[in-house]
Amino acid sequence: MALNFNDFGIDCASMAGSLENRLSAARQAGFTHAMIAATDIVGHPVGIDAATRAIADSGLRVTGLEALRDFEGLSGKLHDYKVDVAKSMLQLCSRIGGRLLLTEASSSAHADIDPKKIAHDLRKLAFLALPLGIRIAFKGVSWSRTVRDFAAAAEIIALADCPNLGIAIDAFDVVAADVPLDDLELVFPHQIFLVQLSDFMLQEIRSTDERAATAAHFRVFPGEGAHSEAIARLIVKLEEIGYFGDYSFDVYNTDYLQMPAETIASRAQRSAEWLGETVLRRTLPVPNLERLRLVKNTEY
């Protein structure tokens, strides 16, 4: 098993089946935390209480709740509507023991692209989350109208200036949009709240529409796709700048949803072992695990 295996978790949306079955498959594969979708909770056939118990009984830590979308940049009734949605998701996140809400940059044609407006809205969201002890991980999306990559997201959260507001980095977007890794030098490691990991089979993505479709339906695990070296360089760079947070496999693949959850969790396990044992141990000094635990335990 990889030296840093506990740093890796799996997104339950990467697997098919009941919530209980997916959580069990993740646990059996050796994972200690899992990303939960709001629909996993509110769509549970026995109700929200049963879903909450299933998560608690699994023994898995909640990596975070996903995903609040198209929140920032709106005005009037649209803004009020999204604030209500955000409040509901924050309460749900708290109910399942989550400490992080993933928020994806807006693709709405009605969203204002003014960075000050976006920062203002995200600051409002962060303030709503603060009493619940929840952090907001804001993710730039390459097909977004407002914020398209992690560097732009970091600039926005710097404007917002809230201790519980940071960014999420999606390896798929970094590789598919060919975002320069040197841009990570502009990001403070404590600003990064989550790193999502996946690869894809296509050698090249030729349009925004194709990128969005691939992201939603055709991701694969790191080590399985056409961009293993690029993923490895990203992980190494994150370690070099001092990132010590969670990694989550978010492999949205329509074909994988036709396979048993245990099979997909095993593929994720192999990917974690490849990253932890081959990529990190080959390239970097062995991290001090006690220091990693200390950093994680003292995070907001």
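FYI, side chains are in, hydrogens and waters are out, and symmetry mates aren't considered; it's all heavy atoms of this structure. We count residues from 1, following the sequence as given.
- Side-chain atoms of D173 and S142 form a donor-acceptor pair, as typed in the model, at a separation below 3.5 Å.
- For H44 and E20, the side-chain atoms include at least one donor-acceptor pair closer than 3.5 Å.
- Annotation for F150 and P180: closest pair CZ-O, 4.1 Å, computed over non-hydrogen atoms.
- Put simply, the side chain of R211 reaches to within 4.5 Å of the side chain of W143, judged on heavy atoms.
- No side-chain heavy atom of L238 sits less than 4.5 Å from a side-chain heavy atom of L181.
- Residues E66 and Q196 have side chains in contact (heavy-atom distance under 4.5 Å, counting atoms from C-beta outward).
- Taking the centre of each ring, F8 and F31 stay at or above the 6.0 Å mark.
- Side chains of L23 and D57 form no contact here, defined as non-hydrogen atoms less than 4.5 Å apart.
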For D170 and L197, run side chain to side chain contact (heavy atoms under 4.5 Å, CB included): C-alpha distance rounded to whole Å, both residues' side-chain angles, the deciding distance at 0.1 Å, then the answer.
CA-CA 6 Å; D170 189 331; L197 298 175; over 6 Å; no
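- Atoms OG and CD, on S266 and E262 in that order, are 8.0 Å from each other to the nearest 0.5 Å.
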Are R95 and D49 close enough, and set up right, to give a salt bridge (Lys or Arg N to Asp or Glu O under 4.0 Å), and what steps lead you there?
CA-CA 9 Å; R95 189 166 176 175; D49 287 342; 2.3 Å; yes
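- A cation-pi arrangement is present between R135 and F193 under the rule of less than 6.0 angstrom and at most 45 degrees off the ring axis.
- By the criterion of side-chain heavy atoms lying less than 4.5 angstrom apart, applied directly or through intervening Ile, Leu, Val, Met, Phe, Trp or Tyr residues, V195 is not grouped with L186; the two fall into different hydrophobic clusters.
- When the options N6, T63, D7 are evaluated for a side chain to side chain donor-acceptor pair (under 3.5 Å) with H33, the one that passes is T63.
- One hydrophobic cluster holds both L65 and L68 under the rule that ILVMFWY side chains link at heavy-atom gaps under 4.5 Å.
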Worked check of side chain to side chain contact (heavy atoms under 4.5 Å, CB included) between I157 and I167
CA-CA 8 Å; I157 67 162; I167 65 171; 3.7 Å; yes
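- Of the possible donor and acceptor atoms, none in the side chain of D250 sits under 3.5 Å from a partner among the backbone N and O of I10.
- Without hydrogens or angle criteria, T214 side chain to E210 main chain gives a donor-acceptor distance under 3.5 Å.
- Around atom CD1 of I113, no more than 12 heavy atoms belonging to other residues, nucleotides or ligands sit under 6.0 Å away.
- Ring orientation note: the planes of Y247 and Y243 are nearly perpendicular, at an angle over 60° on the 30°/60° scale.
- Residues S14 and Y256 have side chains not in contact (no heavy-atom distance under 4.5 Å, counting atoms from C-beta outward).
- Around atom NE2 of H120, no more than 12 heavy atoms belonging to other residues, nucleotides or ligands sit under 6.0 Å away.
- Counting heavy atoms from C-beta outward, L194 and I169 have side chains that stay 4.5 Å or more apart.
- D40 places a side-chain N or O within 3.5 Å of a backbone atom of A37 that can act as its donor or acceptor partner.
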Stepwise side chain to side chain contact (heavy atoms under 4.5 Å, CB included) check, R22 with R27
CA-CA 9 Å; R22 287 177 284 154; R27 188 66 175 174; over 6 Å; no
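- Taking both residues in full, the closest heavy atoms of A137 and A168 are given as CB-CB, 4.1 Å, listed atom of the first, atom of the second, then distance.
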Just do the side chain to side chain contact (heavy atoms under 4.5 Å, CB included) check on D80 and L74 with the steps written out, would you?
CA-CA 9 Å; D80 294 342; L74 301 175; over 6 Å; no
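- Ion pairing between K117 and D121 holds under the 4.0 Å rule for side-chain N and carboxylate O.
- Heavy atoms only, all atoms of each residue included: A29 and Q269 are closest at O-NE2, 3.0 Å.
- Side chain to side chain, T146 and S144 meet the donor-acceptor criterion of an N or O pair below 3.5 Å.
- Minimum heavy-atom separation, S198 to V251: CB-CG2, 4.0 Å.
- Under a hydrophobic clustering in which Ile, Leu, Val, Met, Phe, Trp and Tyr are joined whenever their side-chain heavy atoms come within less than 4.5 Å, directly or via other members, L128 and L100 fall into different clusters.
- Using a 4.5 Å heavy-atom cutoff, the side chains of K139 and T103 are not in contact.
- For the residue pair S24/Q28, the side-chain donor-acceptor check at 3.5 Å is satisfied.
- Residues V42 and M35 do not share a hydrophobic cluster, defined by chaining ILVMFWY side chains whose heavy atoms lie under 4.5 Å apart.
- The shortest non-hydrogen separation linking A272 to F249 is N-CZ, 3.6 Å.
- Atom OG of S75 sits about 7.5 Å away from atom CG of D112, to the nearest 0.5 Å.
- For the pair S271 (side chain) and A268 (backbone), a donor-acceptor distance under 3.5 Å is absent.
- Annotation: cation-pi geometry satisfied between R219 and F172 (NZ/CZ under 6.0 angstrom from ring centroid, within 45° of ring axis).
- When all heavy atoms of L101 and I134 are compared, the pair lying nearest together is N-CG2, 3.9 Å.
- One N or O on the side chain of E224 and one on the backbone of F221 form a donor-acceptor pair closer than 3.5 Å.
- The same ILVMFWY cluster, assembled from side-chain heavy atoms under 4.5 Å apart, contains both I241 and V174.
- Between the side chain of R123 and the backbone N or O of L159 there is at least one donor-acceptor pair closer than 3.5 Å.
- Within the 3.5 Å criterion, the main-chain N or O of S106 finds a donor-acceptor partner in the side chain of E72.
- Between E185 and K237 there is a salt bridge, since at least one side-chain N of the basic residue sits less than 4.0 Å from a carboxylate O of the acidic one.
- Ring-centre distance between H217 and Y252: not below the 6.0 Å cut-off.
- The side-chain heavy atoms of K124 and H79, taken from C-beta on, include a pair separated by under 4.5 Å.
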